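In each ligand, atom 1 is the first atom listed, and ligand 1 is the first ligand listed. Atom set for the values below is all heavy atoms of this structure, side chains included, hydrogens, waters and symmetry mates excluded. Please read these numbers as outputs of a predicted model, since none were measured by experiment.
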Amino acid sequence: MRTRPLKVALLGCGVVGSEVARIMTTHADDLTARIGAPVELAGIAVRRPDRVREGIPAELVTTDAMELVKREDVDVVIEVIGGIEPARELITTAFAHGASVVSANKALVAADGAALHAAAERHGADLYYEAAVAGAIPLVRPLRESLAGDKVNRVLGIVNGTTNFILDKMDTSGAGYSEALDEATALGYAEADPTADVEGFDAAAKAAILAGIAFHTRVTIDDVHREGLTEVTASDIASAKRMGCTVKLLAICERAADGASVTARVHPAMIPLSHPLASVREAYNAVFVESDAAGQLMFYGPGAGGSPTASAVLGDLVAVCRNKVAGTTGPGESAYTQLPVSPMGEVVTRYHISLDVADKSGVLAQVATVFAEHGVSIDTVRQQGRPDADGEASLVVVTHRAADAALSSTVEALRGLDTVRGVASIMRVEGE
Ligand code: HSE
């Protein structure tokens, strides 16, 4: 057993950071036994030093994060401040001073993971970020290590708890989006500015990270097609129910059938109630992985919150400390396949389209012709009169699998028909 303690600099002492510090203190003996060396906090960088932090030794607190990461006695830097800067500069400075880094920063890794990995490798350091994707749920390490001998073809997940809570509320109570968002805010799930969650930015960052690791290629957040859930209506949810489905905000990363490219996207989609992801309720996350040899795997758990996220951070801390003790580093970036990321237009899936049309003869044939002209095959059609609009009907078309670009042109052409009064909703159908 090495006796010199490994020194850890903690950047950020908010909901996650304070839990990390607490667990490091209360589980010190177990961590020492698991790592093979004692591990202790060298300093905690905060923005507001005057804030009372129960259980945090005041003498460790500093406002100078840069000075802390430059300290030659620091072996590991834990970054839980989030955002691009100053996190990026602090992490690259930590590498330059020989420290390994554990980060929970999905935005930074999804934007600049390749450069960070390169910096880590140059300096013989580790960069681990299990906590960046779906909180406590082990995903990065299973994909990077446990499934390293397999070929992952698809990753399909609910990776944002706030939006899952909102959609679950809409599904169970019939509430509209705004009402469900208000409840999520009141219960502390949604932040005061919920944009990152409801517009899908948070999930898109996670999708980029998962796709890169799963397919051994480089995917950044800019490669991810993103649609949020602000347009999902109570009527979309009701339509999904009629089809035996529910609506989820999904992150979907796929290898193309010919294996020559990948896609990554985030959008609301209907999934059948029989799919395991349909039963993921409230603010929970779950990720479904499909691979050649293992088949189908599902990872489920709390995707956010101080204690669950700290669990993932601590797991990484133990891993990088073990590497330090052994004088080695863990697996770095694996991007050898260099697969291109195809645009959304090339994604092939099924669609549920709801149209408001004139209720007169020939309209169904006209609509069907537009689908046929664009090579989109119809699976089912359901028409029903609209008591609220005389002479109009609702037409719900579910297609077979078609390219997203073909569906977009179909919808554009439908909008041009006099008899189509409006396209009420378009939703992809996944997980079948
Ligand atoms: N805001 C995220 C969520 C957690 O609601 O899942 C942090 O990524």
Practice prompt. Can you pull out the closest protein heavy atom to atom 7 (C) of ligand 1? Residue, atom name and distance to 0.1 Å, please.
Written response: Lys106 NZ, 3.5 Å

Fill in: Numbering as shown, the atoms of ligand 1 that approach Ala304 to under 4.0 Å (heavy-atom distance)
4 (C)

Worksheet item: Using heavy atoms and a threshold below 4.0 Å, how should the contact between Asp202 and ligand 1 be classified: side chain, backbone, both, or neither?
Response: side chain

Discussion item. Distance alone, cut at 3.5 Å: any donor-acceptor contact between the side chains of Tyr128 and Asn323?
Written reply: yes

Fill in: Between Thr62 and Glu67, a side-chain donor and acceptor under 3.5 Å
no

Worksheet item: Cation over ring, Arg154 on Phe288, under 6.0 Å and within 45°?
Response: no

Worksheet item: Is the closest N or O pair between Gly161 and ligand 1 shorter than 3.5 Å?
Response: yes

Fill in: Any side-chain donor near an acceptor of the partner, His216 and Ser334, under 3.5 Å
yes

Discussion item. Any carboxylate oxygen within less than 4.0 angstrom of a Lys/Arg side-chain nitrogen, looking at Arg415 and Glu412?
Written reply: no

Fill in: ligand 1 N/O within reach of Tyr189 N/O, cut-off under 3.5 Å
no

Discussion item. Quick check: Thr162 and ligand 1, any N/O pair under 3.5 Å apart?
Written reply: yes

Discussion item. With nothing but distance in play, are any N or O atoms of Lys206 less than 3.5 Å from an N or O of ligand 1?
Written reply: yes

Practice prompt. May I ask you to check whether over 12 heavy atoms, not counting those of Glu59, lie within 6.0 Å of atom CD?
Written response: yes

Worksheet item: Any idea which protein heavy atom is nearest atom 1 (N) of ligand 1, and the distance to it?
Response: Asp197 OD1, 2.9 Å

